[in-house]
**Q** 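Pasting a structure here, questions to come.
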Amino acid sequence: MTTIDIDARFDPRELRSALGRFATGIAVVMARDEDGPIGVTVNSFSSVSLDPPLVLFCMARSLHSLKRLEKAKAYSVNILLGHQQEISNRFARPGEDKFSGTHWEIGPSGAPRLVPAHAVFECVPYAHYDGGDHVIFVGRVVHLHAEGNGDPLLYYRGSYRLLATPMEEG
Ligand SMILES: Cc1cc2nc3c(=O)[nH]c(=O)nc-3n(C[C@H](O)[C@H](O)[C@H](O)COP(=O)(O)O)c2cc1C
């Protein structure tokens with residue numbers, strides 16, 4: 001019988017560095033409760049399903065906001081524009097008052113949303129799954145805002161990037 005060797009032959013730094021070769025956009029997940037708004041920068045956002053409309057992101061178990069996010073009745077996933085690096089940095093600082101000086105409003109789902117944003121997915125919770133040292137949040141999209149032609153903020157190998165010139169077709 002073949003046995004599969006699952007002992008890792010790399011350390012967490014190597015894993016993080018290899019994963020950083022996958023270029024992503026950046027989003028800020030926002031929710032609120034009776035103690036006020038919460039927000040977390042993520043690049044673990046992904047589409048899941050069109051019917052029903054599902055998206056996902058992963059949240060570290062160490063986050064101050066985790067318990068509050070798990071209880072949220074609605075949350076928004078705000079895809080950042082190219083000039084919003086400062087917002088990405090602010091919502092990545094643990095525990096701070098991230099919302100002062102940020103322009104946001106309450107969306108139709110009841111969750112806070114960023115204004116402006118490249119796109120906003122307002123969601124209600126669909127499922128939470130164990131993801132090792134993270135929790136996988138799957139949200140059902142209930143409202144969409146995706147207007148304008150601005151460029152997104154990108155993240156690659158630990159640095160922010162902007163879109164390069166589109167490749168010629170063919
Ligand atoms: C570009 C970038 C992407 C990030 N992506 C994630 C992510 O997908 N999941 C996560 O848990 N933390 C991610 N973080 C770290 C969190 O934003 C940070 O730990 C969080 O804001 C702390 O929130 P807290 O106040 O709830 O502890 C990312 C940070 C940056 C700068």
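These numbers come from a predicted model, not from an experiment. First listed ligand is number 1; within each ligand, the first listed atom is number 1. In this chain, numbering begins with 1 at the start of the sequence shown.
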**Q** Does atom CG of L163 have more than 12 heavy-atom neighbours, drawn from other residues, nucleotides or ligands, at distances under 6.0 Å?
**A**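 Yes, because the 6.0 Å sphere around CG of L163 holds more than 12 heavy atoms from other groups.
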
**Q** Under the side-chain contact (heavy atoms from CB on, under 4.5 Å) test against N78, which residue among E122, R113, H145 passes?
**A**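 For N78, the side-chain contact (heavy atoms from CB on, under 4.5 Å) check succeeds only for R113.
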
**Q** Any idea which atoms of ligand 1 are less than 4.0 Å away from a heavy-atom of M59?
**A** 11 (O)

**Q** Any atoms of ligand 1 less than 4.0 Å from a non-hydrogen atom of V40? List them with their elements.
**A**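 Answer, ordered by atom number: 16 (C), 17 (O), 20 (C), 21 (O).
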
**Q** Among Y75, F121, F137, which residue meets the ring pair (Phe, Tyr, Trp, His ring centres under 6.0 Å) test with F45?
**A** F121

**Q** Is a side-chain donor or acceptor of S109 paired with a backbone partner of A74 at a separation under 3.5 angstrom?
**A** no

**Q** Could you tell me whether ligand 1 has any atom less than 4.0 Å away from a heavy atom of Y155?
**A**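 Contact present.
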
**Q** Looking at V55 and C123, what are the two nearest heavy atoms and their distance?
**A**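 Looks like CG2-SG, 3.8 Å.
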
**Q** Under a 4.0 Å heavy-atom limit, does F57 contact ligand 1 with its side chain, its backbone, both, or neither?
**A**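 Within the 4.0 Å criterion, F57 makes no contact with ligand 1.
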
**Q** Given A27, A60, A92, which has its nearest heavy atom closest to atom 29 (C) of ligand 1?
**A**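 Residue with the shortest heavy-atom distance to the ligand atom: A92.
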
**Q** Looking at atom 27 (O) of ligand 1, what's its closest protein heavy atom, distance included?
**A**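 That would be H64 ND1, 2.7 Å.
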
**Q** Taking atom types as modelled, find out whether Y156 and N43 have a side-chain donor-acceptor pair closer than 3.5 angstrom.
**A**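 Looking only at side-chain atoms, N43 and Y156 do not form any donor-acceptor pair under 3.5 Å.
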
**Q** Counting heavy atoms only, which of L153, L63, L154, V135 comes nearest to atom 19 (O) of ligand 1?
**A**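 Selected option, by shortest heavy-atom distance: L63.
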
**Q** Can you list the atoms of ligand 1 that are under 4.0 Å from a heavy atom of S65?
**A** 24 (P), 25 (O), 26 (O)

**Q** Heavy-atom distance to atom 23 (O) of ligand 1: which of K98, R93, Q85 wins?
**A**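 That would be K98.
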
**Q** Can you sort out which atoms of ligand 1 are near I26, meaning under 4.0 Å from one of its heavy atoms?
**A**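 Numbered from 1, ligand 1 contributes 1 (C).
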
**Q** Return yes if some donor-acceptor pair links the side-chain N/O of S76 with the main-chain N/O of P112 below 3.5 Å, else return no.
**A**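 Yes.
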
**Q** Which bit of C58 gets closer than 4.0 Å to ligand 1, counting heavy atoms only: side chain, backbone, both or neither?
**A**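 C58 to ligand 1: backbone contact only, side chain stays beyond 4.0 Å.
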
**Q** Have a look at T41, N43, N89 and point out the one with the heavy atom closest to atom 15 (C) of ligand 1.
**A** T41

